[in-house]
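In what follows, a structure is listed as structure tokens, so that the remarks can point back to it.
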Amino acid sequence: MTRDAMQHINEQDQDTLQRFVDRLEARGRDPRFTAFRDAYLAELPPEGEVLEVGCGTGVVARALARSPGYTVTGVDQSPVLLEAARRFATAEGLKVDFRRGDAHTLDFPSASFDVVVAHTLISHVADPAQVLREARRVVRPGGLVAVFDGDYASLTFACADHALGRAMEEALLAVVVSQPRVMRDMPELLRACDLELEGVHGHLLTEVGAGGFFLGLAETFSPLTVREGLISDDEQRVWLEGLRRAGERGTFFAACGYYSYVGRAA
């Protein structure tokens, strides 16, 4: 049985955890990914109390904390990621209240925040509807819940051996996300949780020629496919070396769709 490594992050070894920290920070520096984030953050009110659930290393929480109008709290289940988040925020001179917690059962009173943000969280959780219900509970009437994530069922890499490429993509999804299609379900989920859809953005992130963003994803997570017994060590090595060669030759290709939804509490 395979499991989403991020959902079960507290069971990972130190090398894997460090790869996750590095990946989250590198992704947060990618200008295209940052533009996706900024597109929905621009729809939020200019001030208020903001909660980020599944904050990871605090990339989005730090972006929010740079605005003088926000008081920011970040919650994550991983002590390792929270330690990194506090370290990075301190280094930037930013004030964020980072706490350990579970997005399914938030330890806050109802109507505590003006905005709740779930950035690249909902694809990893065991129960997306419960996470949204909790976000709805802790946001004030008229407040906003913003959800951003990948439509990971669309994740694809070019591979000369098409059978190997399909096998690697399926294996990556098995170890990286537990909800690869959840962003397609979000309109219904928001409605079911009494959140009125206010805005949506769709983005296609592609890399053609040189690999960077997606090559980093492959290097971070493909070793887990071997650990879980989904792919042999030789198959993973051949696939990853092929991606690296394609990047060097300028023939790399990878793509994935990303979406943001902003819902308003009644």
Side-chain angles (χ1 to χ4, degrees), residues 2 4-6 9 12 15-40 56-57 59-60 63 119-124 148-184 201-260:
T2 58
D4 177 346
M6 296 300 289
I9 193 168
Q12 307 304 318
D15 288 343
T16 300
L17 289 169
Q18 188 58 55
R19 288 204 307 273
F20 288 178
V21 169
D22 294 342
R23 172 63 185 170
L24 290 172
E25 288 297 305
R27 191 177 67 180
R29 293 190 296 270
D30 185 280
R32 297 157 300 177
F33 208 72
T34 299
F36 299 167
R37 178 196 74 197
D38 291 346
Y40 77 84
T57 58
V59 172
V60 176
H119 185 88
T120 65
L121 168 72
I122 207 77
S123 66
H124 297 292
F148 172 88
D149 221 311
D151 175 40
Y152 289 107
S154 69
L155 176 65
T156 189
F157 294 83
C159 181
D161 182 339
H162 291 181
L164 175 60
R166 285 193 296 271
M168 281 301 308
E169 288 168 4
E170 291 173 1
L172 279 172
L173 291 187
V175 299
V176 171
V177 294
S178 53
Q179 310 289 342
R181 298 176 181 271
V182 70
M183 297 311 280
R184 305 176 189 190
H201 294 275
H203 311 277
L204 178 63
L205 180 53
T206 62
E207 285 187 325
V208 179
F213 182 91
F214 286 111
L215 183 56
L217 183 154
E219 291 176 332
T220 298
F221 295 109
S222 66
L224 302 179
T225 66
V226 177
R227 187 188 71 182
E228 294 292 335
L230 299 174
I231 294 292
S232 72
D233 184 66
D234 284 344
E235 288 172 320
Q236 185 262 349
R237 177 182 52 79
V238 167
W239 180 77
L240 191 54
E241 288 179 354
L243 295 185
R244 290 167 175 159
R245 286 196 302 272
E248 292 168 358
R249 293 196 303 264
T251 60
F252 185 91
F253 176 94
C256 186
Y258 292 86
Y259 295 86
S260 63

Which side-chain N or O atoms in residues 151-162 pair as donor and acceptor under 3.5 Å with protein atoms at least two apart or in another chain?
residue, atom, partner, partner atom, Å
Asp151, OD1, Arg184, NE, 2.8
Asp151, OD1, Arg184, NH2, 3.4
Asp151, OD2, Arg184, NE, 3.3
Asp151, OD2, Arg184, NH2, 3.0
Ser154, OG, Asp151, O, 2.6
Ser154, OG, Gly257, N, 3.0
Thr156, OG1, Glu169, OE2, 2.9
Asp161, OD1, Ala163, N, 3.2
Asp161, OD1, Leu164, N, 3.1

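Looking at Ser178, its side chain does come within 3.5 Å of a backbone N or O of His124 through a donor-acceptor pair. With hydrogens and angles ignored, the 3.5 Å screen pairs no side-chain donor or acceptor of Thr206 with any backbone N or O of Ala254.
In terms of heavy-atom proximity, Phe252 sits nearest to Leu243 at CD1-O, 3.5 Å. Across Ser222 and Leu240, no two heavy atoms sit closer than the pair OG-CD2, 4.0 Å. Taking every heavy atom of both residues into account, Ala255 and Leu204 meet most closely at CB-CD1, 4.3 Å. Minimum interatomic distance between Leu215 and Gly211 (heavy atoms only, all atoms of both residues): CB-C, 4.0 Å. Annotation for Gly56 and Leu24: closest pair CA-CD1, 4.4 Å, computed over non-hydrogen atoms. Closest non-hydrogen pair, His203 versus Ala39, comes out as CE1-CB, 4.3 Å.
Applying the ring-ring contact (aromatic ring centres under 6.0 Å, His included) test to every pair with at least one member in residues 204-223, sequence neighbours left out, gives these pairs: Phe20-Phe221, Phe33-Phe213.
Glu25 places a side-chain heavy atom less than 4.5 Å from the side chain of Val59. Residues Arg227 and Thr16 have side chains in contact (heavy-atom distance under 4.5 Å, counting atoms from C-beta outward). Glu219 places a side-chain heavy atom less than 4.5 Å from the side chain of Arg244. Using a 4.5 Å heavy-atom threshold, the side chains of Leu224 and Arg19 count as touching. Asp234 is listed as a side-chain neighbour of Arg237, based on a closest heavy-atom distance under 4.5 Å. The side-chain heavy atoms of His201 and Phe148, taken from C-beta on, include no pair separated by under 4.5 Å.
In this structure, Ser260 OG and Met183 CE are separated by 7.0 Å, a value rounded to the nearest 0.5 Å. With rounding to the nearest 0.5 Å, the separation of CG in Asp149 from CD1 in Ile122 is 7.5 Å. To the nearest 0.5 Å, the span separating CG on Leu230 from CD on Glu170 amounts to 10.0 Å.
Side chains of Thr225 and Gln236: no donor on one and acceptor on the other come within 3.5 Å.
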Subject >> Derivation of the side chain to side chain contact (heavy atoms under 4.5 Å, CB included) call for Arg27 and Arg37 >> reply: CA-CA 11 Å; Arg27 191 177 67 180; Arg37 178 196 74 197; over 6 Å; no
Original post:
Going through the checks in order, is the side chain to side chain contact (heavy atoms under 4.5 Å, CB included) test met by Ile231 and Trp239?
Top reply: CA-CA 10 Å; Ile231 294 292; Trp239 180 77; over 6 Å; no
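Residues that satisfy the salt bridge (charged side-chain N to carboxylate O under 4.0 Å, His left out) test with Glu248, not counting sequence neighbours, are absent from this structure.
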